[in-house]
Structure formats: C-alpha cells, structure tokens
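Convention: sequence-line order gives letters A, B, ...; per-chain numbering from 1.
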Number of protein chains: 2
Amino acid sequence: MSDIDLLALRQSSTLSELVADKMEKLILSGQLAAGERINEAVLAKELGVSRGPVREASMLLTSRGLVEFIAFRGAFVRKISRAELLEIYDLRAVLTGQACHLAALKAGGDAGPLNDLHDRMEKAADSNKADKYYTLNLKFHECLVDMAGSSRLRTMIDSLVNEMHLYRQVSLRSHPDMAQSNREHRAILDAIIQGDAEKARELGEAHVRAGKKRFEAAGAETLVEDE
Amino acid sequence: MSDIDLLALRQSSTLSELVADKMEKLILSGQLAAGERINEAVLAKELGVSRGPVREASMLLTSRGLVEFIAFRGAFVRKISRAELLEIYDLRAVLTGQACHLAALKAGGDAGPLNDLHDRMEKAADSNKADKYYTLNLKFHECLVDMAGSSRLRTMIDSLVNEMHLYRQVSLRSHPDMAQSNREHRAILDAIIQGDAEKARELGEAHVRAGKKRFEAAGAETLVEDE
DNA sequence: TGATCCAAGATTGTCAACAATTTAATATTT
DNA sequence: AAATATTAAATTGTTGACAATCTTGGATCA
C-alpha cells in the first residue's frame with residue numbers, strides 16, 4: 001500500500017476539501033435533497049467562498065458517489081431508485097465478502113476492536129436501542145473493512161454505502177431484528193479469528209444479502225414505488 | 001503532443017472532458033509515466049488551454065483510478081505496486097463474477113455479440129495473433145459487463161482495469177495460453193446462454209483468478225521487485 | 001563537514017471577470 | 001389557441017491574475 005495516504009493526512013484541508021465535507025453533510029442530512037441541482041453561485045455565497053472550490057468539491061463528491069455532473073447543466077445530488085438500491089446491495093455483498101476474506105487472512109487470530117464493538121452491539125440489541133445499534137453497526141462494518149487493509153476496497157464500499165443513504169432520504173435505520181443481525185456478526189468474527197478466509201467471505205456476503213432481504217420484506221408493505 | 005482541435009470541442013462536450021481523454025491516453029501510453037507529477041501550467045500550455053480544465057481533468061482521472069491528488073503538491077500519475085496489482089486482480093475477480101451473474105440473468109438465452117467475439121478470438125488464437133487477441137479480449141470483457149446492465153459495476157471494473165495498466169508500463173499483453181483463456185470464455189458464455197447465473201459467476205471469477213495465476217507464474221522468473 | 005535556517009523561485013489554490021450554453025419568458029406564426 | 005421561433009435571464013465553463021504553499025539552493029553556525 002502507498003504512503004500517499006499519510007501525506008494527505010499531514011497537511012489537512014484545502015478549501016475545496018472543507019467544502020466537500022460540508023456538502024457531504026448537507027446531502028446525507030437531506031438539506032440538499034436527492035435529485036436537486038446544486039447552484040454553484042448560491043452555495044458559494046452561503047459558504048463564503050468563490051465558485052471554484054464549490055465546483056471542485058462537487059467533483060470530489062462525484063467520485064464518492066453522491067453527486068452527478070452534467071455538462072452545462074450542473075451538479076445534481078444523485079437520486080437512487082429502488083432497483084439501483086437492490087443492485088447496490090448485491091455489489092456491497094460481494095465486496096464485503098472480499099473484505100472479510102482479506103480480514104481473515106490478515107487477522108492472525110486477533111480480531112482487534114471488533115470484539116469490543118460486537119459486545120456493545122449485543123447490549124444495544126438487548127435493550128432495544130436501535131439508534132445506538134445503527135451507529136455501532138456502521139462502525140463495525142468500517143472496522144471490518146479497515147482490517148482488510150485495502151484502501152481501494154474501502155473507497156468502493158464507502159461509495160456504495162453513501163449511495164444507499166441517498167435512497168429517498170429513507171434512513172435505513174429500521175432494523176427489524178438486531179439480535180439476528182448480531183448473531184451473523186458473531187459468526188463472521190469467529191471465522192476471521194480462526195483464519196477461515198473462505199468461510200468469512202461466505203458469511204460476510206450472506207450477511208449483506210440478509211440485509212437486502214430484510215429491506216425487501218419491509219418494503220413490500222410500504223407504498224407503491226412510482227419510479 | 002498535439003493541440004486539441006476545436007472541431008472536437010463543438011461536437012462533443014466540455015474542455016475538461018476532452019483534456020481528460022487526452023490525458024488518459026498520455027498516461028496509458030506511458031508518455032506520462034507512473035509516479036510522475038503532472039505540472040498543470042506546462043500541460044495546459046502544451047494543450048493550448050488554461051490551468052482550469054487541466055485541474056478538472058485531473059480530478060476526473062482521479063475517480064477513474066489513474067491520478068492521485070495531494071494538496072498543495074499536485075496531481076500524480078498513480079503508481080501501482082506488485083502487491084496492489086495482485087489485490088486488484090482479486091477485486092476484479094469478484095466484480096467480474098457479479099457481472100457474469102447479472103448477464104446470465106438478463107441474457108434470456110441470447111448472448112448477443114459475445115458469440116461473434118468469441119469466434120474471432122478463436123481465430124486469433126489459432127493463428128497465434130497475440131495483439132489481435134488482446135484487443136478482442138478487452139472488447140469481450142467490456143461487452144460482458146455491458147450485458148450486466150449496471151453502470152456502477154462498469155465504472156468500478158473500468159477503474160480497476162485502468163489501474164492494472166499502470167503497473168510499471170508493463171502491458172499485460174503477454175498471453176501465454178490464448179487457447180485456454182478462450183476455452184474459459186466459452187464456458188462462461190454457455191453458462192450465460194443457459195441462464196445458469198451461479199455457474200456464470202463462478203466461471204467468471206475463476207477466469208480472472210486464472211489470469212492472476214498466469215501473471216504470478218510469469219512474474220516468478222522475472223527480476224526481483226524493488227518495492 | 002554536516003546540519004539548520006532562510007530567502008528566492010516554482011507550483012498549486014483561490015478569486016473575480018468574461019464567454020458559452022442552457023433555461024425561461026415573450027413574441028410570432030399558423 | 002397551439003406550436004414554434006426569438007430574445008432575455010440565469011447558470012455553467014474558461015481564463016488570467018493574485019495569494020498561499022511547497023521546494024530549491026545557498027548562507028550560517030555548531
């Protein structure tokens with residue numbers, strides 16, 4: 001892996017990057033709604049910068065999967081259809097599988113901070129704290145990908161997760177069965193600790209696919225999709 | 001390096017995109033070497049544009065996996081180590097598997113232009129035309145991904161393929177066994193036509209993994225890697 | 001000698017004005 | 001009145017100038 005990542009950390013923040021972070025928050029919080037056009041001049045004025053950094057930030061967010069550029073028409077907050085969301089689930093499944101595979105190869109019997117996270121999630125599940133569980137769950141998956149040690153894989157998965165959050169502002173927080181989800185985590189964790197890379201892959205993949213099924217099941221009873 | 005003709009500008013699109021395409025060619029042809037810093041002012045002058053479009057083009061290429069940005073230091077042509085290349089093979093394997101899976105689901109018994117491509121590759125293999133085979137092979141894989149019908153998947157795989165080409169200017173053209181490679185293509189094709197999605201996935205994945213092994217075998221007898 | 005510090009040069013980051021293009025609002029034609 | 005053409009307004013694309021930052025080469029000091 002390259003040392004370039006460290007250099008990037010050293011000297012933080014060009015204005016464009018700060019604007020990009022700000023915009024990411026605006027988008028993920030829904031203040032910039034999916035499908036909406038991002039008016040460079042307006043946003044620039046609001047943030048107290050010129051159009052340049054806003055433009056560059058928009059391009060940065062393009063590679064993070066949050067923004068779509070159309071020539072001479074502008075930058076739009078991406079809009080994810082239900083069909084795309086399902087597609088994304090599948091991609092995330094195979095990539096998460098690969099992450100678990102790599103994690104198992106590199107763990108050396110030590111699951112690091114994953115064990116602790118798992119315990120805290122169990123507590124959250126027991127006391128039915130869905131919000132807490134959701135936050136920890138995000139962290140757990142991040143941590144898992146970090147263990148795989150591939151910045152490329154991490155970028156790809158992050159991008160997919162970003163896109164998932166764009167699905168109709170619907171936070172995918174509703175977690176029907178935290179206990180079951182966490183049992184799956186436990187199994188993945190065990191496979192990683194035992195160094196069983198192929199099993200870890202299968203379990204990781206299945207875990208995301210199970211999430212997809214949970215979503216589909218929940219979606220069936222909601223309103224009809226119009227696009 | 002020639003200037004960009006204005007005819008292309010009017011017909012096509014924004015200057016930044018034209019510059020990006022030009023830069024992509026320069027990079028993939030090795031005229032901009034891996035690891036090299038891209039001097040905005042110099043390149044802008046050579047292409048007859050201002051620094052703006054060059055900057056934007058660099059950012060575009062960042063999301064295509066060809067360029068790395070470091071704040072206040074510039075845009076660098078990415079450099080891929082051997083370890084990274086092997087990692088990329090694995091990622092490409094699972095994504096290609098997913099592409100074959102989707103292609104099998106959507107094909108409906110018709111493999112479209114893939115059959116024709118396969119035939120032409122067989123001829124190229126028989127007459128030992130490695131260059132011809134290499135070109136057709138790229139097309140075959142592109143076509144395969146197109147059949148999957150996921151622009152997201154396509155972008156991801158394209159990016160990985162780009163990065164592979166950055167590995168030490170070594171064109172991965174050397175194909176030790178075209179006949180064997182094409183037999184694998186045939187098997188994938190058959191699975192897609194039969195609509196056997198899981199088999200198509202496995203075969204697609206295995207095909208890329210076989211490419212990885214061929215590379216590793218070939219690399220064993222070359223010089224020692226120094227990074 | 002070798003390391004450290006400082007200034008000059010080179011290079012990237014930001015800005016504001018201008019050009020090209022799209023979008024809207026209005027006028028024209030049938 | 002509906003459809004089309006035309007013009008005006010809004011918005012993005014591009015440029016060159018200036019500011020901030022990094023890199024260099026040389027002077028200073030132990």
Side-chain angles (χ1 to χ4, degrees), chain A residues 2-24 26-27 32-33 35-63 66-79, chain B residues 1 3-24 26-27 32-33 35-63 66-79:
Chain A
S2 62
D3 51 355
I4 290 174
D5 293 318
L6 298 175
L7 289 171
L9 281 179
R10 192 187 78 192
Q11 189 76 23
S12 74
S13 354
T14 165
L15 202 41
S16 305
E17 288 167 36
L18 291 178
V19 172
D21 289 345
K22 182 74 183 172
M23 284 175 68
E24 180 165 338
L26 289 176
I27 291 174
L32 282 175
E36 188 177 329
R37 187 171 63 77
I38 298 168
N39 187 311
E40 291 177 1
V42 171
L43 186 55
K45 193 156 202 175
E46 278 176 6
L47 298 179
V49 300
S50 74
R51 277 175 53 215
V54 172
R55 247 184 109 71
E56 292 197 354
S58 299
M59 302 193 82
L60 272 179
L61 294 186
T62 294
S63 58
L66 290 174
V67 164
E68 174 158 23
F69 245 96
I70 304 179
F72 296 111
R73 299 207 38 214
F76 295 79
V77 179
R78 292 202 57 188
K79 195 170 184 179
Chain B
M1 251 184 282
D3 278 19
I4 295 170
D5 55 354
L6 300 176
L7 241 166
L9 169 75
R10 293 181 59 206
Q11 176 185 14
S12 174
S13 47
T14 176
L15 250 187
S16 306
E17 288 168 36
L18 291 175
V19 172
D21 289 345
K22 182 75 183 169
M23 285 175 68
E24 179 165 337
L26 289 176
I27 291 174
L32 280 175
E36 188 176 331
R37 187 171 64 76
I38 297 168
N39 188 312
E40 292 177 0
V42 172
L43 187 55
K45 193 156 203 174
E46 280 176 4
L47 297 179
V49 300
S50 74
R51 276 176 54 216
V54 172
R55 246 182 110 70
E56 292 197 353
S58 299
M59 302 192 84
L60 272 179
L61 295 185
T62 294
S63 57
L66 291 174
V67 164
E68 174 118 32
F69 244 94
I70 306 179
F72 296 111
R73 299 206 40 215
F76 294 78
V77 180
R78 292 204 55 189
K79 195 172 183 178

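Rounded to a whole Å, the CG atom of Leu15(A) is 9 Å from the C1' atom of dG13(C). The distance from atom CZ of Phe72(B) to atom C1' of dT12(C) is 8 Å, rounded to the nearest whole Å. Put simply, CZ on Arg73(A) is 10 Å from P on dT22(C), counting in whole angstrom units. For the pair Phe76(B) CZ and dT12(C) C1', the interatomic distance rounds to 11 Å; values are reported in whole Å. Distance CD (Glu56(A)) to C1' (dG13(D)): 14 Å, rounded to an integer number of Å. The nearest whole Å value for the distance from the CZ atom in Phe69(A) to the C1' atom in dT12(D) is 9 Å. Straight-line distance from the CZ atom of Arg55(A) to the C1' atom of dG13(C): 16 Å, rounded to whole Å.
Looking at Leu26(B) and Val77(B), their side chains never come closer than 4.5 Å, going by heavy atoms from C-beta outward.
In terms of phosphate contacts, Thr14(A) brings a side-chain nitrogen or oxygen within less than 4.0 Å of OP1 or OP2 of dT14(C). Proximity of Ser16(A) to the phosphate of dG13(C): no side-chain N or O atom is located under 4.0 Å from OP1 or OP2.
A distance of 11.0 Å separates CG of Leu66(B) from OG of Ser58(B), quoted to the nearest 0.5 Å. To the nearest 0.5 Å, atom CZ of residue Phe69(A) and atom OG of residue Ser16(B) are 9.0 Å apart.
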task = Decide yes or no on side-chain contact (heavy atoms from CB on, under 4.5 Å) for Glu17(A) and Thr14(A), but give the supporting numbers first.
result = CA-CA 5 Å; Glu17(A) 288 167 36; Thr14(A) 165; 2.9 Å; yes
inquiry  = For a side-chain contact (heavy atoms from CB on, under 4.5 Å) check, start with the C-alpha distance between Val67(A) and Ile27(A), then their side-chain angles and the critical distance, and finish with the verdict.
reply    = CA-CA 9 Å; Val67(A) 164; Ile27(A) 291 174; 4.0 Å; yes
request  = Run the numbers on Ile38(B) and Met23(B) for side-chain contact (heavy atoms from CB on, under 4.5 Å), then give the verdict.
outcome  = CA-CA 10 Å; Ile38(B) 297 168; Met23(B) 285 175 68; 3.7 Å; yes
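Ala75(A) comes within 4.0 angstrom of nothing in the nucleic acid, heavy atoms only.
Of the residues in residues 36-52 of chain A, those lying under 4.0 Å from DNA chain D by heavy-atom distance are Arg37(A), Ile38(A), Asn39(A), Glu40(A), Arg51(A).
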